[in-house]
Amino acid sequence: MTITDSIEEPSLLSSPSPSSNFSQPPPRHFYVTVVDRPHFKMETLVHLLGVAARRPALPIVVCCSSRDQLDAVCSAVSNLPFISLACLYSDLAESNRNVILEEFRKATVRWNQIVNADQSGGGGGSGGETGNNNDESNANSNKTKSHMIVATDACLPLPVLGEAPVSARVLINYELPSKETYLRRMATCLAADGIVINVVGGGEVITLKNIGESSSLVIAEMPINISEIL
């Protein structure tokens, strides 16, 4: 799938549930289909992030099922200029893991402040005085970067231990998980108004459809213009 400036009518993988009319919209779920080759899948992810991460302070979580895939994703996206990247893996020191999660939670607060300012006509927090030195300019630049965590499932927040979720605006499943893991990723990583993007090969669409139907989730093909869902 090529991400361009046009919009396609999404095709639904399951029917909307009766509860979809509540005032608080449920998380939105999308999929993008790629050629079943690792190289093309990674290219799609990098291009997707290159577009999405231009939103100031957008909090993103990318979930991988293995350490090898996590390392590959981190290496591929590490040079994207609009992203502040952190990687969570199983042998990371607990103190470092806690710092990464706490910094991400702060990033979600900044995102909510920007969204609220936009909705009230406040201009998104990008105004104000021009910085008088490079340090101030760099600090402001870092605050407006999209904040992204790439994590394996073993490193996600653990509510049973009292850990708070991280409430990302965008959750990307780089590798399609089981139904149970899919729901756990939602519960620990996704904000109430967040979206899920599944990067799937052609042969995985049926599996994704089964997850959607058994979980009462509406999963649509991602619009070509990703700005329509952010």
Side-chain angles (χ1 to χ4, degrees), residues 3 30 32 34 38-115 124-126 134-135 137-157 163-177 185-186 188-191 194-199 222 226-227 229-230:
I3 302 170
F30 300 91
V32 54
V34 299
H39 176 70
F40 292 114
K41 188 173 187 179
M42 188 66 73
E43 280 189 347
T44 299
L45 176 67
V46 171
H47 184 60
L48 174 64
L49 291 171
V51 175
R54 292 174 182 269
R55 292 291 301 271
L58 182 68
I60 306 169
V61 171
V62 178
C63 285
C64 301
S65 299
S66 69
R67 174 64 186 272
D68 287 344
Q69 286 296 340
L70 179 144
D71 290 341
V73 169
C74 289
S75 176
V77 305
S78 60
N79 292 324
L80 291 178
F82 304 106
I83 290 178
S84 175
L85 174 67
C87 302
L88 285 178
Y89 44 88
S90 58
D91 53 348
L92 186 68
E94 186 65 21
S95 58
N96 292 338
R97 175 181 176 275
N98 291 338
V99 168
I100 289 172
L101 291 175
E102 185 57 31
E103 286 300 314
F104 191 86
R105 294 184 182 102
K106 292 178 182 178
T108 65
V109 172
R110 289 195 295 271
W111 164 258
N112 288 329
Q113 290 172 340
I114 290 173
V115 171
S126 58
N134 289 335
D135 288 343
S137 178
N138 290 337
N140 290 334
S141 176
N142 288 334
K143 287 183 179 180
T144 58
K145 284 185 176 183
S146 289
H147 201 102
M148 187 172 84
I149 288 177
V150 183
T152 57
D153 295 303
C155 301
L156 299 180
E163 289 186 330
V166 292
S167 300
R169 169 61 178 169
V170 179
L171 168 62
I172 298 176
N173 288 319
Y174 183 69
E175 296 171 293
L176 188 63
R185 289 176 179 180
M186 284 177 55
T188 58
C189 298
L190 192 64
I195 65 171
V196 181
I197 300 175
N198 300 286
V199 184
M222 192 179 73
I226 189 176
S227 64
I229 63 176
L230 292 177

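Quick note: numbers below take in every heavy atom, side chains included, and nothing from hydrogens, waters or symmetry partners. All values derive from a computational prediction rather than experimental measurement.
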Smallest separation among heavy atoms of [X] and [Y], with atom names:
| X | Y | result |
| --- | --- | --- |
| A86 | I100 | CB-CG2, 3.7 Å |
| A164 | P157 | O-CB, 3.6 Å |
| Y89 | T152 | CA-OG1, 4.3 Å |
| A57 | I114 | CB-CD1, 3.6 Å |
| E163 | N98 | OE2-OD1, 4.2 Å |

Within the 4.5 Å heavy-atom criterion, are [X] and [Y] side-chain neighbours or not?
| X | Y | result |
| --- | --- | --- |
| V170 | M148 | no |
| L48 | M222 | yes |
| H147 | W111 | no |

Closer than 3.5 angstrom, by distance alone: can the side chain of [X] be matched with the main-chain N or O of [Y] as a donor-acceptor pair?
| X | Y | answer |
| --- | --- | --- |
| S78 | S75 | yes |
| R97 | L156 | yes |
| K41 | Y174 | yes |

[atom1]-[atom2] distance between [X] and [Y], expressed to the nearest 0.5 angstrom:
| X | Y | atom1 | atom2 | result |
| --- | --- | --- | --- | --- |
| L88 | L101 | CG | CG | 5.5 Å |
| C189 | I149 | SG | CD1 | 8.0 Å |
| I172 | I197 | CD1 | CD1 | 5.0 Å |
| R55 | I226 | CZ | CD1 | 10.0 Å |
| T44 | H39 | OG1 | NE2 | 9.5 Å |
| L49 | L80 | CG | CG | 6.5 Å |

Could you list the donor-acceptor pairs under 3.5 angstrom formed between side-chain atoms of residues 58-68 and any protein atom two or more places apart in sequence or on another chain?
residue, atom, partner, partner atom, Å
S66, OG, Q69, N, 3.2
R67, NE, D71, OD1, 2.9
R67, NE, D71, OD2, 3.3
R67, NH1, D91, OD1, 3.1

> Among side-chain atoms of E43 and H47, is any donor-acceptor pair under 3.5 angstrom?
Replying inline: no
>> Going by disulfide bond (SG atoms under 2.5 Å apart), name the residues that satisfy it together with C155, two or more places apart in sequence or in a different chain.
In response: none
> Does the pair V77 and V46 meet the rule for a side chain to side chain contact (heavy atoms under 4.5 Å, CB included), with working shown?
Replying inline: CA-CA 6 Å; V77 305; V46 171; 4.1 Å; yes
> Do you know which of D153, V196, L190 makes side chain to side chain contact (heavy atoms under 4.5 Å, CB included) with R185?
Replying inline: D153
